[in-house]
Protein chains: 2
Amino acid sequence: MRQQVAKLAGVSEATVSRVLNGVGPVKEETKQRVLAAAAELGYVPSALAQRFARKKSGNLGVVLPYVPKVPLFSTYYFSEMLGGIGEEAQAQGYDLLMLFRKPEQPRDYTALFQAHKVDALIILGARDTALDRGALEELERSGHPFCVLNQRYAARGNEPPFMTVDADHWSGSRAAVRHLVDIGCSRIVFINGPAQYSNSLDRRAGYDRVLAESGLELREELVLAGNYSRTSGYALTDQLEALIRAGDADAIFAANDRMAIGAMQGLRERGLEAGRDYALCGYDDADAARMASPQLTSVTVPFHEMGQIAARRLLQQDGEPKISAASTILPVQLVIRESSRSRQ
Amino acid sequence: MRQQVAKLAGVSEATVSRVLNGVGPVKEETKQRVLAAAAELGYVPSALAQRFARKKSGNLGVVLPYVPKVPLFSTYYFSEMLGGIGEEAQAQGYDLLMLFRKPEQPRDYTALFQAHKVDALIILGARDTALDRGALEELERSGHPFCVLNQRYAARGNEPPFMTVDADHWSGSRAAVRHLVDIGCSRIVFINGPAQYSNSLDRRAGYDRVLAESGLELREELVLAGNYSRTSGYALTDQLEALIRAGDADAIFAANDRMAIGAMQGLRERGLEAGRDYALCGYDDADAARMASPQLTSVTVPFHEMGQIAARRLLQQDGEPKISAASTILPVQLVIRESSRSRQ
DNA sequence: TTGTACGCGTTATCAG
DNA sequence: CTGATAACGCGTACAA
């Protein structure tokens, strides 16, 4: 109890509060007395009472998507982003509250603010679906500070877009495909993920662009659909093998490393090796890229930094959490490894 | 404001509270009126005030270790455990608070309780060091409910051990080594992790045991030290190659998948293939085990369930969070894959 | 079955 | 510089 401290230090409770919060003018001697008394009594202010009095939860909420069967956390980039978010939140004196989204039961984000559970929100794994977009639009209208990570939404009508932190996947994709072209490939298969992710659209746009720039024909039968899981890449083995053996494909660009590895495994079972029989490039540069054999050419995305920036923009120390729809796009970088050795 | 709801429903604030909390006898008709009023006004109780009044934070804290350079989240098992913890916490109506431990600056866990930031604590990545043990012993003395995951501590003196949820790594290790013996290996290298983790000790004990049971000589030069990272396994390439080429080793058992994969990659560069030139077994059955080529024989650990159980034991609905030093040990299972094909 | 009244431990405002 | 004191929004005896 703060009262005890006040009595022991021979001051009022108000003064104890001032000392402990470093606010207002306090005589140095008084301050020392209070500090000593607090230390002696082992006084720890109740965060519950503080937050109640300040009407601020002190929490930064992080919404995680529900992905059945796939342990979402293991998806590398979630982990990385969380690390960045956590680092920044801690630096700003906020606690990190994890919020698991229920399957197809989109959380009522606004209620989280109304209940004062969070002061700001970062949303991971959002997709461009009616459900997700609707939830975000409502949140936007409510005027609460939030940020969408690794996903962008086109401005619709005169509605301003949401605050977003994303990476430049269009450029990343172009760098990857250009690299494949540079080493002599001309029939490049593209394995993409679901279109609800802006990530997928960006990568596709980059792929199309480089093909056009290089005077290569865009053949729709070279564009395959996966869902970002390893098995979805593996499931394409038949098609990929046929394309390669028929001479219709000499390279594969997968929208993430897991699909790339799945494809690589499937093709290996058929006697086709990445870096020898075809060039292979993944995306994300997850640790799996280095674990693969041959190690995977990939595109490094600054997930950690993205998380950090999102948190920083939300938690700006200059007073209240910021609300601003500006969208930040971070650069990515191609990393060339064994899976795309230049063709002799 | 609750007041508005009360007025609109024509009842007192206390009744509103009773209805919303489903406590005490309330006439059905009154209840409906209150619910309708609350819905109409879009009333959401302030979690801040509730928690303050109840003197409970409603938070389950999860302490994550700080591992420099290594993005801790990506370490598969953390992710899995977090998933399990989160699932159970949500089911019990608790929020998940993430707490990042600062490097070598062990958090003052007790203060988290004194500040009412958490009602219970789960600690991940704890080691058996003076620092960690000391912090836990203090927490134990303070009488607050907490649980250590995937790490055990020997009872010291008459101090009771901490509440723990672990997996049976001794048996897992025995199953792995026995499998290697069964397929005809007799010179089994063991790559272990740091001794501060009970995991490492358990695996070592299992290794020793099977060697003894099988009448195989325990040769200390076959026991190598890594640190659970891929690179630490890779760094042993020289020694491993020498042992295998000299006929002093025909199998490798690594204490986790990452080290196994690192070793596998190093040896591949020297022309030695797992499943052909030597048998290889990892541990954890991370997704990396399936991503590797050849796919890795490994030991599946129910990390998700471990997290779930820890949370459940802490959050038992029968009133207050439980304090009990009982230690739960979950079974693990060997999964045989290509990296340890039987030797012809 | 419902209303009244109080307390929870801080912060913050306003005098002194 | 420091001390009273009023909120803060809810839960919960206790009384009716």
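Side chains included, hydrogens not; waters and symmetry mates left out as well; all remaining heavy atoms used. The chains referred to below are lettered A, B, ... by the order of the sequence lines, with proteins before strands, and numbering in each begins at 1.
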Please state how far atom CG in B/L48 lies from atom C1' in C/dT11, giving the value in whole angstrom units. 13 Å

It should be established whether A/S17 places a side-chain nitrogen or oxygen under 4.0 Å from OP1 or OP2 of nucleotide C/dT10. no

Under 3.5 Å donor-acceptor pair, B/R51 side-chain atoms to D/dG9 base atoms: no

Which is true for A/T15 with a 4.0 Å heavy-atom rule: it touches a base, it touches only sugar-phosphate, or it touches nothing? sugar-phosphate

Determine, stepwise, if the pair B/S327 / B/R152 fulfils side chain to side chain donor-acceptor pair (under 3.5 Å). CA-CA 8 Å; B/S327 151; B/R152 288 174 304 105; 5.8 Å; no

Is there side-chain contact between B/T30 and B/V19, with at least one heavy-atom pair below 4.5 Å? no

Starting at NZ of A/K27 and ending at C1' of D/dG3, how long is that distance when rounded to a whole Å? 14 Å

Over 60° means perpendicular and under 30° means parallel, so classify the ring planes of B/F52 and A/F52, tilted if in between. parallel

Rounded interatomic separation in angstrom, taking NZ from B/K56 and P from C/dG9: 16 Å

Which nucleotide in D/dG9, D/dG3, C/dT11 has an atom nearest any side-chain atom of A/N21: C/dT11

Return the 5'-most residue of the pair B/S12, B/A49 with respect to DNA chain C, ranking by each residue's nearest nucleotide. B/S12

Strand-adjacent residues in residues 38-46 of chain A, judged by heavy atoms under 4.0 Å from DNA chain C: A/Y43, A/P45, A/S46

Run the side chain to side chain donor-acceptor pair (under 3.5 Å) test on A/T110 and A/E138 for me, step by step, so that the C-alpha distance in whole Å, both residues' side-chain angles and the decisive distance to 0.1 Å come before the verdict. CA-CA 7 Å; A/T110 312; A/E138 188 202 324; 3.0 Å; yes

Close side-chain approach of B/L99 and B/L64, heavy atoms under 4.5 Å: no

Using whole Å, what does the distance between atom C1' of nucleotide C/dG9 and atom CG of A/L20 come to? 13 Å

Test: salt bridge (charged side-chain N to carboxylate O under 4.0 Å, His left out). Region: residues 1-26 of chain B. Which pairs qualify, not counting sequence neighbours? B/R2-B/E13

Over all strands shown, is B/V23 touching base, sugar-phosphate only, or nothing at heavy-atom distances under 4.0 angstrom? nothing

Take the protein atom CZ of B/R33 and the nucleotide atom C1' of C/dT1, then report the distance between them rounded to whole Å. 12 Å

Counting side-chain heavy atoms from C-beta on, which of D/dG11, D/dT2, D/dG9 comes nearest to A/T30? D/dT2

Taking only side-chain N and O atoms of A/Q50, does any of them lie within less than 4.0 angstrom of OP1 or OP2 on C/dT11? yes

Could you tell me whether A/R18 contacts a base, only the sugar-phosphate backbone, or nothing, with contacts defined as non-hydrogen atoms closer than 4.0 Å? base

Are B/F52 and the base of D/dC8 stacked, counting only ring centres nearer than 5.5 Å and planes tilted under 30°? no

Picking from D/dT2, D/dG3, C/dT1, the nucleotide nearest the side-chain atoms of A/A14 would be D/dG3

Select base, sugar-phosphate, or nothing to describe what A/E13 touches, counting heavy atoms under 4.0 Å on all strands. base

Quick one: are the ring centres of B/F162 and B/Y153 less than 6.0 Å apart? yes

Short side-chain N/O contact from A/Q3 to OP1 or OP2 of C/dG9, under 4.0 Å: no

Categorize B/R2 for me: base, sugar-phosphate, or nothing, with a 4.0 angstrom heavy-atom threshold over every strand shown. base

Using whole Å, what does the distance between atom P of nucleotide D/dC8 and atom NZ of B/K55 come to? 21 Å

Tell me whether A/K55 is salt-bridged to A/D119, with the criterion being a basic N under 4.0 Å from an acidic carboxylate O. no

